[in-house]
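What follows is a short report on a single structure.
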Amino acid sequence: MTDKTKVKTTKTVYPQIYDYTLPNLSEKEGWQKIGYTERENVDKRILEQVKTAAVDYSKDYRKLWTRTARDKDGEWFTDKSFHHFLKQHTVPNDAEHGKEWFYFNGTPEVSKQLFEKFVEKDFSGLQISDQGINYQLRAEQEDAVNQTLGYFKTHEHGEFLWNAKPRFGKTLSTYDLVRKLNADKVLIVTNRPAIANSWYDDFEKFIAWQTDYKFVSESDSLKDRPALSRKEWTDSLGNNENPKFIEFLSLQDLKGSKYFGGYYDKLWEVSNYDWDLLVIDEAHEGVDTFKTDTAFEHIKRKNTLHLTGTPFKALAAGKFASDAIYNWSYEDEQNAKAVWNVANEENNPYQSLPTLNLFTYQLSQMITDKINQGAALDDKDNVDYTFDLNEFFRTKENGDFEYEADVIKFLDTLIKNEKFPYSTPELRNEIKHSFWLLNRVASAKALEKLLKNHPVFENYEIILAAGNGKTTEEEAEDTSAVGKSYDRVKEAIKNHDKTITLSVGQLTTGITIPEWTAVFMLSNLTSPALYMQAAFRAQNPWSFTDKNGQRQEKENAYIFDFAPERTLIIFDEFANNLSSAPVSTTDARSENIKQLLNFFPVIGEDNEGKMVELDAAQVLTIPKALKAHEVVRRGFMSNLLFANISGIFAYQNVYKDILDKLPEEKQGKLEKPSSLPELPKVDVDSAGDAIPQEEIVINKTNAIF
C-alpha cells in the first residue's frame, strides 16, 4: 500500500497504440480494434476487454501490432489523434461496432501502414480536410448540458449554475450547450480576461471549423489571435439577418460602460442586443457587488449560465434552487477515476487527473522558542503569530522581513527536516515547479530576495508574479499584469529545470500551468473559494519525457500549508458546503469528510511531530483543540475564547450585544509555563463549534461572575 505521508509526484507510463481482431466472431469480420494504453504489458490491457463476466474471447483475439505512441518529432499522442487520422482517410467507423473499431475489409496490414504515415507526419492523400477535431463529451459533461437544456425549456429567463471543479471542461461543454440551444447571440463575461485564451482555444479546435459561429473579443489576451474586433464583426455582417456569434467580454469593461451603470460611452452594441445566452464565467468572483448586479440587470437575455468551481457564496445566499445546479466535484471526479470499468474499450479518461494531497504543519514548531513567546510590534506590545502567517511574513518600511532571521530558519527547515518537501535531493526532483502564495506584494518581493540568496533555493528560477497591487484582491484584479506573469512563468519553466512562482493573487484562477506539482500556502487566506481555487492550480494533468526517454505522468499534486487550524476548517467547508443540501449533524459532516479523505488525504503532525494521515474526527476536532490550547496558554482574555463564547455560556442576545461593543483585547505576551495541562477531548456541534462539558460551564461561570 502506498505511504501517503511520502511525497511522490509522478509515475512512469508506457503510451502504446495496439491493434487486434476477433477473427472467430462473424459480426467483427473485417473490423479491427485500435486502442491506447499506458500499461507496459499491452496484452493485460487487451485481456481486460476480451475476458469479462459476460464473455470470454481471451483465446480468440489476434494481436496484429503494437507501437509506441510517439511521432518522429518526439511528440506523444493518444489513439484519438490516430483515430481522427483514420477517419480523414475515410476508414469506416460506426457506433454499432464501437468508437475504437475500424473496418479494413480484410486488409489488416493497411492499419499499420497508415500508422507509419501518421508517425512520420505524412498527410498526403487525405480525403477529408484537417480543419479541426470532433469532440465527444464525457458522461458528466453530457449530463450538465442535458439538465441545463431541460431547465431552460421549463423556466423563462432561467439561471443555471454549473458547480464544477477546475478541469471539468466547462468551455467545451458550454459550446455544446450553445449548439444544442441553437443560440445565435452568446455573451461570455468573466472577471478574469486572461482566460480568454482558453475560450478561444476550444472554439478554434472544436467549434469554428464545423459551425457558422464567429468569436468576437477585444481582450488584450487575444491581441495576437485571429478573434474579430467588434468593428470587424459589424463590418462583416452585410445582409446576414441572423448572424451567429460568441462575444467574450471582461466584467471590468461591462461595469465601466454607461449603458451598464458606469461612466464611459462604450458597449452600446452589447446593450442593444437581445442575447440568447449570457455565460458568467468564474461566477464566484465579484457577482455579489452592487455594480456587478447593476451591470447584469442591464443585459437583455433569455437564459443565464453561471460557471464556477467553488460557489460557496452563491449557495449560502440561496441564489439557486437544487434543480438549477449541476454539481461535479473533485470527489466525483476521483470516484469516477476509481470505479472506471477496465473492460470498457476506451482508456480511463480520468486516469491522467492527479490526486490532491494536503500536508499541514505547525509553523511554531519549525522555528524557535522566540516565536512561541511572541514578537514585538511597533507599539511595543507583543503578539504571538503561531497561527498568523501574514504576521510571520510581515515586512518593514525598507522592504526586509520584520523577522528575517526566522524566515531564513523557515527556509532552512524546508530543506533539512525530513518531513518537509525539499529536505533531500530526491524530494527536490519531485517538486520541480511550485506555486507559493503570500499575502502582500512586499512580502513576495522580500521572499524572492531571500530565495535567490539561499544555498539551495538559488538553484531555482524565482518568478515574482506580482504587479503594483498590495493585497491578494488588488493583485487578482490586475488583469494586464496577470497575462504578463503567465508568459514569464511559461518561459521560465521552458528554460529552467526547477522554478518557484511567488504570487499574491495572480494566477490563482482560470489559468493552467501543468508543470506545477505543489502549492505552498504562506498567507492567512480564509476564503474557502479562493483557497481551493489556488489549491487546484497544481491538479492539472501533466506528462513529460525524462532524460532516459521514458514518459512520466503527474500522479499526485500537493498543498503544503502551515496553519493547521485554518487548513482543516477549510477542508471541512470543502467537504460539506459545496452542495445546496444543508448538512445538519456532526455525524453527517464527519461522514462527508470521511468520503472526501478517500480521494484527498490530509497529512498532519501528531503529538511527536511525525507526519500521519488524519481521519475525519481529527479534521473536525483539531481546529477546536488548537483554539483551546491557545486559550490555555494565554488565559481567559484570549480573543479565541470570545470567538466561541456563545457556545460556552449560551447567553441571551442582550448580553451578546453588550459584549460585541467591547473593544477587542490585544493579545498579551505569552508566559513560559513549566508545562501545559493535558487537554480534554473537544466535542463539537453540527456547526463545528466547541461544546464544553456542563460542569466546566458552571464552574467557570461561578469563578468569573
Side-chain angles (χ1 to χ4, degrees), residues 137-166 168-171 173-178 180-183 186-191 251 274-290 292-333 335-336 527-530 532-533 572-585 588-589 591-592 595-596 686-687:
L137 299 183
R138 297 192 303 271
E140 67 274 11
Q141 294 171 324
E142 282 192 19
D143 287 345
V145 170
N146 291 335
Q147 287 187 31
T148 309
L149 284 171
Y151 188 83
F152 286 165
K153 287 179 181 178
T154 57
H155 294 78
E156 188 177 3
H157 302 299
E159 298 209 18
F160 201 94
L161 170 68
W162 286 358
N163 168 27
K165 67 166 291 292
F168 170 78
K170 293 188 280 282
T171 55
S173 302
T174 298
Y175 286 141
D176 189 71
L177 174 66
V178 167
K180 288 176 178 174
L181 275 174
N182 196 27
V186 179
L187 179 63
I188 301 168
V189 180
T190 179
N191 198 43
L251 181 59
D274 287 314
W275 298 92
D276 295 305
L277 180 66
L278 168 65
V279 180
I280 304 173
D281 194 6
E282 300 298 353
H284 65 285
E285 297 181 2
V287 298
D288 55 344
T289 67
F290 176 76
T292 300
D293 290 340
T294 300
F296 287 144
E297 286 172 2
H298 284 77
I299 298 176
K300 294 174 287 186
R301 77 273 196 180
K302 293 179 182 176
N303 295 296
T304 307
L305 175 65
H306 298 257
L307 306 177
T308 183
T310 47
F312 293 93
K313 289 183 180 179
L315 292 182
K319 181 178 177 63
F320 300 95
S322 58
D323 62 342
I325 304 172
Y326 181 80
N327 291 301
W328 182 256
S329 67
Y330 167 79
E331 185 177 339
D332 293 326
E333 170 196 276
N335 184 61
S527 162
L530 294 178
M532 285 302 171
Q533 282 286 337
D572 179 10
E573 289 271 326
F574 188 59
N576 287 291
N577 293 354
L578 276 177
S579 171
S580 56
V583 182
S584 57
T585 67
R589 297 186 78 86
E591 183 60 29
N592 286 343
Q595 293 300 319
L596 182 58
S686 61

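Scope of the values below: all heavy atoms of this structure, side chains included, with no hydrogens, waters or symmetry mates. Remember, predicted model here, so these are calculated numbers, not experimental data. Residues: numbered from 1 along the sequence shown.
Without hydrogens or angle criteria, Asp143 side chain to Glu140 main chain gives no donor-acceptor distance under 3.5 Å. No donor-acceptor pair under 3.5 Å is formed between the side chain of Asn335 and the backbone N or O of Glu331.
Expressed to the nearest 0.5 Å, how far OG1 of Thr174 lies from NZ of Lys170 amounts to 8.5 Å. The distance from the OG1 atom of Thr292 to the CD atom of Glu297 is 11.0 Å, given to the nearest 0.5 Å. The CG atom of Asn303 lies 11.0 Å from the NE2 atom of His155; values are rounded to the nearest 0.5 Å. Atom CG of Leu278 is separated from atom CD of Glu159 by 8.0 Å, given to the nearest 0.5 angstrom. Leu161 CG to Leu307 CG: the interatomic distance, rounded to the nearest 0.5 Å, is 8.0 Å. Separating the CZ atom in Phe574 from the NZ atom in Lys165 is a distance of 8.5 Å, to the nearest 0.5 Å.
Side chains of Ser173 and Asp176: a donor-acceptor N/O pair is absent below 3.5 angstrom, by distance only.
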> Between Phe152 and Leu277, does a side-chain contact (heavy atoms from CB on, under 4.5 Å) hold up when you go through it step by step?
Replying inline: CA-CA 10 Å; Phe152 286 165; Leu277 180 66; 3.9 Å; yes
Do Tyr330 and Leu596 pass the side-chain contact (heavy atoms from CB on, under 4.5 Å) test, and can you show the C-alpha distance, the side-chain angles, and the key distance before you say yes or no? CA-CA 9 Å; Tyr330 167 79; Leu596 182 58; 4.2 Å; yes
Practice problem: Mind running side-chain contact (heavy atoms from CB on, under 4.5 Å) on Phe296 and Thr304 for me, showing each step along the way? | Solution: CA-CA 10 Å; Phe296 287 144; Thr304 307; over 6 Å; no
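Residues Ile325 and Asn327 form a side-chain contact, since some pair of their non-hydrogen atoms from C-beta on lies under 4.5 Å apart. Residues Asn146 and Tyr326 have side chains not in contact (no heavy-atom distance under 4.5 Å, counting atoms from C-beta outward). Looking only at side-chain heavy atoms (C-beta outward), Trp275 and Ile299 come within less than 4.5 Å of each other.
The number of heavy-atom neighbours closer than 6.0 Å to NZ of Lys153, taken from other residues, nucleotides and ligands shown, is 12 or below.
Minimum heavy-atom separation, Thr148 to Ala144: OG1-O, 2.6 Å. Considering every non-hydrogen atom in both Gln141 and Leu137, the closest pair reads OE1-CA, 3.4 Å.
Partner of Asp276 under the salt bridge (charged side-chain N to carboxylate O under 4.0 Å, His left out) criterion, chosen from Lys300, Lys180, Arg301, Lys302: Lys302.
In this structure, Tyr151 and Phe160 have perpendicular ring planes: the angle between them is above 60°, well past the 30° mark. The aromatic rings of Trp162 and Phe168 stand perpendicular to each other, their planes meeting at an angle above 60°, with 30° marking the opposite boundary.
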